[in-house]
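Step one of this worksheet: look at the structure below.
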Amino acid sequence: MFRAQLHHHLTAAFAAAGVSLPEGFSIDVSLASDTRFGDYQSNSAMVLAKQMKMNPRALAEQVKGAFAADDLCSEVSIAGPGFLNFRISPEALAGKVKTILADDNCGVPAVDKPRTIVVDFSAPNIAKPMHVGHIRSTFIGDCLARVAKFVGHKVITDNHVGDWGTQFGMIIHGWKTLLNQEALKQDAIHELVRVYKEVNAATKADPAVLEICKGELVKLQQGDADNTAIWQECVRLTLEQLEKVYGTLDIQFDHYLGESFYNDALGPLVERLLKDGIATESDGAVVIFSDGASKPEDDPFLIREGDQWKPTPAIIRKSDGGFLYATTDLATIEYRVKEWKADEVWYVVGSPQQLHFKQVFAAARRMGYSTEFTHIAFGSILGPDGKMFKTRSGETVGLLEVIEEAVERARAAVDEKESAPDDAQRDEIARTIGGGAVKYAELSQNRLTDYKFSWEKMLSLQGNTAPYLINAYVRTRAIFRKLDGNVQLTGDCELTEAAEKALAIKLAQFAETAHDVLVDHKPNLLAAYLYELANTYHSFYEACHVLNSTGTVRNTRLLLCEATGKVLKAGLGLLGIRTTERM
Ligand code: ARG
């Protein structure tokens, strides 16, 4: 990619100019903030001059003089107090356009050192309502997994479903007394949630019901055959239905190792932690306290109260012998590292679980794991009124409901268009647009901020939306349909117009963007890039005739259209969004 190439040449230029870089100084090259002066920029001469008490402009001049990459850059200039600006040459741009067209990965280079990365995302809880947090996790996790794979990492996706827990006491009691078999067949998740809610309400009204539920839970935990069978059936029915939803969304998991998978590992794990002195007994429970190794403000086992630091240990076994969420997560880490040789584990889970993960990661480090653990947190989704997000029917939303409603709304929009093809194709287009719109509304947001959910906005053909981007793709394809196969593209690519060069450099920057997404795990960088690409393409299309031109000009422009379509499709694909040839 250009940024890496410039970095290489710039490093050489510093050396050739006789500047020796201080320990730990890294040369910076970034996309230009103002493209009037160049395509890339570097502030390194300036920063370095300051450190070494030199004149920044003079140093920049020296480096510029030593910079030798004529085939890559048509212009190197100095701006302000010593910024270096680089303009990529039309020849290098043309070469890149051809690489994008020839390469399966659109010219995006692979990482130097591929890592094995486990991505833990979605993870709904069985027989409990799926909430918007699970929707965000599902889309963000899927996108990051796709991007990581695309740049050459080994990625393992694992759906750590909440398939074990105290809710099963209530579910089993409800299953035995309230279950509607017909409703279960129709929509198992919905029926199980109904039963759960009803029993939950009953336990609040009548302590006797709570006792019955606790009894059912104990029986399940002790391996009672009937209760085990009911539990298994709940898990099976739910996963079956979930897999259908994931299927519609093109989301795949390599594994579904739910919490229950680790049940047998929990007892021995706690014993080991006790033996190794990582955990301690406290009031009959087993907990992990601070080991005092980090500053109090960085220590997840301490909390500030007034002017004092008080312990907040992680409980890993309750006094009644029950295990907790943290225990399961520690067992899960052991498994992922031992079985899968994970170098990194990414947890795509909402911000409220921040403390939990800090404690789990700290405990894992004390257990000797050097794996890189990352909690990829996110905020919440609000309804258009700024309150909790609800569907048309007024219920709190799960993934299923959102997707169904989006597809329904997209279908209505497709039906309004008279040009739309037959029924089956309309359905297909509605699924692509509806699913894509919901995903894009999510992925175009900074994951850490709350965002407002608006059907109108996400399904609009104007603005930063999936329909707009899919439509941009459709427009690139329409050109080739008009040609009706009557074109033989050659390798002749000569970029002369500003709009052509602007489009080519945008296309080239797909490479940087794909890698940048993983720096802070931010899919919105990719969404923003694709939106800019679509806009740049539209400007190009307005400024430059494609079909009415001739010779090399026409060929060049067609290559640009083809490359734009290819990058849009690949980029949307990384967001998990499909394209359609017409809409
Ligand atoms: N099931 C959990 C929840 O709904 C999320 C699990 C996330 N993954 C994990 N390894 N803890 O909150």
Side-chain angles (χ1 to χ4, degrees), residues 117-142 144-145 155-168 171 189 192-193 196-197 200 231 234-235 238-239 241-242 245-246 251 253-263 265-266 269 288 300 314-316 323-340 342 344-365 367 369 371-381 389 396-400 447 521:
I117 303 172
V118 175
V119 189
D120 177 325
F121 69 101
S122 199
N125 302 315
I126 296 213
K128 275 203 203 164
M130 197 176 198
H131 54 75
V132 289
H134 296 117
I135 302 182
R136 294 201 81 167
S137 170
T138 304
F139 295 156
I140 297 170
D142 177 57
L144 293 174
V155 175
I156 299 173
T157 51
D158 185 15
N159 197 346
H160 190 74
V161 280
D163 61 357
W164 192 252
T166 48
Q167 77 260 39
F168 281 101
I171 298 289
I189 294 180
L192 291 176
V193 170
Y196 168 77
K197 282 188 180 161
N200 195 17
W231 165 70
C234 289
V235 175
T238 304
L239 288 186
Q241 202 174 335
L242 277 177
V245 185
Y246 293 134
I251 291 173
F253 291 94
D254 299 314
H255 303 276
Y256 280 82
L257 300 185
E259 294 181 16
S260 70
F261 178 78
Y262 301 96
N263 281 352
L266 305 181
L269 170 67
I288 300 178
I315 307 176
I316 55 171
F323 300 107
L324 292 107
Y325 189 43
T327 331
T328 313
D329 260 324
L330 288 174
T332 307
I333 286 175
E334 298 220 294
Y335 185 87
R336 289 171 175 169
V337 175
K338 290 202 174 121
E339 294 295 318
W340 296 337
E344 294 182 32
V345 187
W346 297 353
Y347 297 83
V348 189
V349 187
S351 305
Q353 294 191 26
Q354 192 184 18
L355 179 64
H356 164 75
F357 285 113
K358 279 191 176 165
Q359 293 191 329
V360 167
F361 300 166
R365 242 160 261 134
M367 289 161 74
Y369 293 109
T371 316
E372 199 177 313
F373 302 110
T374 312
H375 175 202
I376 299 172
F378 47 80
S380 20
I381 312 181
F389 172 47
T396 49
V397 277
L399 193 53
L400 282 166
R447 62 181 163 80
H521 308 94

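The figures that follow rest on heavy atoms only: side chains count, while hydrogens, waters and symmetry mates do not. Being a predicted model, the structure only gives us computed values, none of them experimental. Start at 1 and go down the list; that is how both ligands and their atoms are numbered.
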inquiry  = Give the atom numbers and elements of ligand 1 that come within less than 4.0 Å of a heavy atom of His160.
reply    = 8 (N), 9 (C), 10 (N)
ask   = Do any N or O atoms from the side chain of Ser137 and from the backbone of Gly133 form a donor-acceptor pair under 3.5 angstrom?
value = no
ask   = Between Glu259 and ligand 1, does any nitrogen or oxygen pair lie at a separation below 3.5 Å?
value = no
Part of Phe121 with heavy atoms under 4.0 Å of ligand 1, whether side chain, backbone, both or neither = neither
task = Indicate, as side chain, backbone, both or neither, the part of Val161 found under 4.0 angstrom from ligand 1 when only non-hydrogen atoms are considered.
result = neither
message = Please list, in number order, the atoms of ligand 1 under 4.0 Å from a heavy atom of His134.
response = 3 (C), 4 (O)
message = When you measure from the side chain of Ser122 to the backbone of Thr138, do you find a donor-acceptor pair of N or O atoms at a distance under 3.5 Å?
response = no
ask   = So, the side chain of Asp120 versus the backbone of Trp346: is there a donor-acceptor pair under 3.5 Å, distance only?
value = no
inquiry  = Using a plain distance cutoff, I'd like to know if His356 has any nitrogen or oxygen under 3.5 Å from a nitrogen or oxygen of ligand 1.
reply    = no
request  = Could you check atom 1 (N) of ligand 1 against the protein and tell me its nearest heavy-atom contact, residue, atom and distance included?
outcome  = Asn125 OD1, 2.7 Å
remark   = The protein heavy atom nearest to atom 12 (O) of ligand 1 is Gln353 NE2, 2.8 Å
query = Would you say Pro124 and ligand 1 have an N/O pair spaced under 3.5 Å apart?
reply = no
query = So do the side chains of Leu257 and Glu339 get within less than 4.5 Å of each other, counting heavy atoms only?
reply = no
request  = For Tyr325, take its heavy atoms, then give the atoms of ligand 1 lying under 4.0 Å from any of them.
outcome  = 2 (C), 5 (C), 6 (C), 7 (C), 9 (C), 11 (N)
query = Is the side chain of Arg447 donor-acceptor paired with the backbone N or O of Arg136 at a distance under 3.5 Å, no angle test?
reply = no
Flag side-chain contact, heavy atom, 4.5 Å: Phe378 against Val348 = yes
task = Verify the ring-centre separation between Phe261 and Tyr256: is it less than 6.0 angstrom?
result = no
query = In the protein, what heavy atom is nearest to atom 8 (N) of ligand 1, and what distance, to one decimal place, separates them?
reply = Asp120 OD1, 3.1 Å
task = Could you tell me which atoms of ligand 1, counted from 1 in the order shown, lie closer than 4.0 angstrom to a heavy atom of Val349?
result = 7 (C)
message = For the backbone of Pro300 and the side chain of Gln359, can you confirm whether one donor and one acceptor N or O come within less than 3.5 Å of each other?
response = yes
key: Heavy-atom closest contact (Ala326 atom, Ile315 atom, distance)   = CB-O, 4.2 Å
key: Per-atom contacts, ligand 1 versus Tyr347 - under 4.0 Å to a heavy atom   = 10 (N)
